[in-house]
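Remarks on the structure that follows.
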Amino acid sequence: MADHSRVYALLAADLSDRGIDVEDVKRRLQQLRVETPSWGYGDSGTRFKTFPWPGAARDVREKLADAAVVHRLTGVCPSVALHIPWDRVDDWAELKEHAASLGLSIGAINPNLFQDDDYRLGSVCNPDPRVRRRAIAHMLECVGIARVTGSMIISLWLADGTNYAGQDSFAERRARLIDCLREVYAAMPPGMRLLIEYKFFEPAFYHTDVPDWGTSYALALKLGAQAQVLVDTGHHAQGTNVEQIVSFLLGEGKLGGFHFNARRYADDDLIAGSVNPFELFLIFHELYTGNGADVALMVDQCHNIEPKIEAMVQSVMNIQAASARALIVDRKALAARQAAGDILGAHRVLVDAFETDVRPLLAQARIDTGLHPDPIAALRESGYEDKVARERGVSARPGGGYPSA
Ligand code: RM4
Ligand code: MN
Ligand code: MN
């Protein structure tokens, strides 16, 4: 502890010298909000195998219990996204109250339009009007769930697409998509937002109906002010400049939220910041350059072989680190270097912030609010994961909701 105080004092002095208001940075770190996904607490797998994890949450109440632990340790994760029907219950008002009793609220409601036999040719783009009706009914059900649970976000990802050229008409699928979304949009109460996620592949391989941010953006424009784009960091082609997309959408008032995760090859849903921490930092830098106040910061991960709660805590800590680094960018120096055309000088201002060890700053921000400075150590000391492993055991039929689970 004495050591921490010394290291933190040195860092704080250094940051103050760079003209950074350290108290303000700590406040902003304490006020950061990161939503965790219910599905990240349950068993999940690849198309090859789902390994059941001892103690993995089997239903929504266990998922909420685990999410409450993540919030208690980090102090920044008070809401939990739900996936319907994976998390369906009979009494939504009761679930809302139960969440509140754990210090949580219900976050984004994610309709699931990809796991029913009806959806072989798509959901809202399906050529069969009966299937489209069914998809709309499910989304309307989700709007209803959001109303009762107090959630303000419907987070929509479509698995719609085709596998072969000529399989269906792009133009007609687009018209069906717009019609269906208009109907759902019209049912949303004021203040509720529809966030439209894009992905350029999987499970369809020739085309997807919402492949990129431009398509989501055009749809959001068409629908109205309550529709915005959701950026899932794992849904881009290799080498895509994600932070530029963030900057553009933010500037247009159309950035609704994120699904944070990391990927190397496909939509890997690994721990955020574990593959490309520089990208995560640059995303936060753009968020803080624009006005990112209303942007929902959500995690979308599936932990296939690693301990689920620890993985979630690690993700949140990596997100906090990216945020901290972005908050200590010397913006005056950056603007001056940019104006002077000093290419590498400007670049180095960013790299300076990125290379700063922000761990003492984050530790101090936690200590100030009565938290353990190291949430991973606190989790391990608490024995919570061992306790639920004993109580819940290994699920014979894992109930995470995940496809092969
Ligand atoms: C999709 C997408 C959605 C998520 C599902 C499970 O690839 O990222 O957001 O709900 O996976
Ligand atoms: Mn996602
Ligand atoms: Mn995904």
Side-chain angles (χ1 to χ4, degrees), residues 34-47 50 57 60 63 80-88 106-116 119 122-124 135 138-139 142 145-146 151 153-161 193-205 208-213 215-216 228-238 240 242 245-246 249 255-272 274-275 280 283 295-304 308 311-312 315 319 398-405:
V34 180
E35 183 165 305
T36 69
S38 70
W39 55 98
Y41 299 104
D43 274 322
S44 63
T46 65
R47 65 189 197 277
T50 294
V60 67
K63 292 171 191 175
V80 183
L82 300 186
H83 224 296
I84 315 298
W86 297 344
D87 296 319
R88 191 181 269 137
I106 303 298
I109 304 295
N110 292 244
N112 183 319
L113 296 165
F114 49 88
Q115 272 185 303
D116 209 283
Y119 297 141
S123 61
V124 287
H138 177 56
M139 279 190 278
C142 289
I145 294 169
S151 165
I153 292 179
I154 302 292
S155 171
L156 182 67
W157 173 71
L158 299 172
D160 289 55
R193 290 186 288 163
L194 177 69
L195 306 192
I196 308 168
E197 189 169 347
Y198 55 89
K199 179 157 113 171
F200 73 106
F201 78 106
E202 196 194 43
F205 296 115
T208 64
D209 289 288
V210 187
D212 52 30
W213 68 268
T215 308
S216 292
Q228 292 178 307
V229 180
L230 189 149
V231 176
D232 184 313
T233 48
H235 287 191
H236 304 89
Q238 302 282 4
T240 300
V242 180
I245 297 170
V246 169
L249 293 173
L255 182 64
F258 286 96
H259 270 174
F260 288 122
N261 52 53
R263 56 77 70 95
R264 191 175 285 277
Y265 302 107
D267 184 15
D268 306 342
D269 286 336
L270 299 171
I271 291 172
S274 63
V275 174
L280 196 56
I283 287 173
V295 178
L297 308 179
M298 303 179 280
V299 171
D300 178 7
Q301 287 174 193
C302 291
H303 309 115
N304 298 342
K308 296 169 201 306
M312 201 66 86
S315 304
I319 290 168
Y402 207 74
S404 42

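All ligand and atom numbering here is 1-based and tracks the order in the structure. Nothing here was measured: the structure is a model prediction, and the numbers come from that model. Residue numbers count from 1 along this sequence.
Legend: protein N/O/S atoms lying under 2.8 Å from the Mn ion (ligand 3), waters omitted, number 2.
Annotation: side chain of Val295 is not in contact with side chain of Gln228 (no heavy-atom distance under 4.5 Å). For the pair Tyr119/Phe114, no side-chain contact is recorded, criterion being any heavy-atom separation below 4.5 Å from C-beta on. Inter-residue side-chain proximity for Thr36 and Tyr41 is flagged as met; some heavy-atom pair is nearer than 4.5 Å.
Here the CD-OG distance, from Glu35 to Ser155, works out to 8.5 Å after rounding to the nearest 0.5 Å. Note that the NE2 atom of His235 and the CG atom of Asp269 stand 6.5 Å from one another [nearest 0.5 Å].
Any N or O atom pair closer than 3.5 Å counts here, and Asp232 shares at least one such pair with ligand 1. Taking only nitrogen or oxygen atoms, main chain and side chain alike, Trp39 does not reach within less than 3.5 Å of ligand 1.
Side chains of Asp232 and Asn261: a donor-acceptor N/O pair is present below 3.5 angstrom, by distance only. Asp87 and Trp39 share no side-chain donor-acceptor pair at under 3.5 Å. In this structure, a donor-acceptor pair under 3.5 Å is present between the side chains of Tyr198 and His236.
Using a 4.0 Å cut-off between heavy atoms, Asp267 contacts ligand 1 through its side chain alone, with no backbone atom that close.
The Lys199 neighbourhood of ligand 1 comprises atoms 7 (O), with distances under 4.0 Å to a heavy atom of that residue. For ligand 1, the atoms lying closer than 4.0 Å to a non-hydrogen atom of His259 are 9 (O). Of all atoms in ligand 1, listed by their number and element, those nearer than 4.0 Å to a heavy atom of His235 are 2 (C), 7 (O), 8 (O).
A side chain to side chain contact (heavy atoms under 4.5 Å, CB included) with Met139 holds for exactly one of Leu113, Ile154, Ile109; it is Leu113.
The closest approach between a heavy atom of His83 and any atom of ligand 1 is below 4.0 Å.
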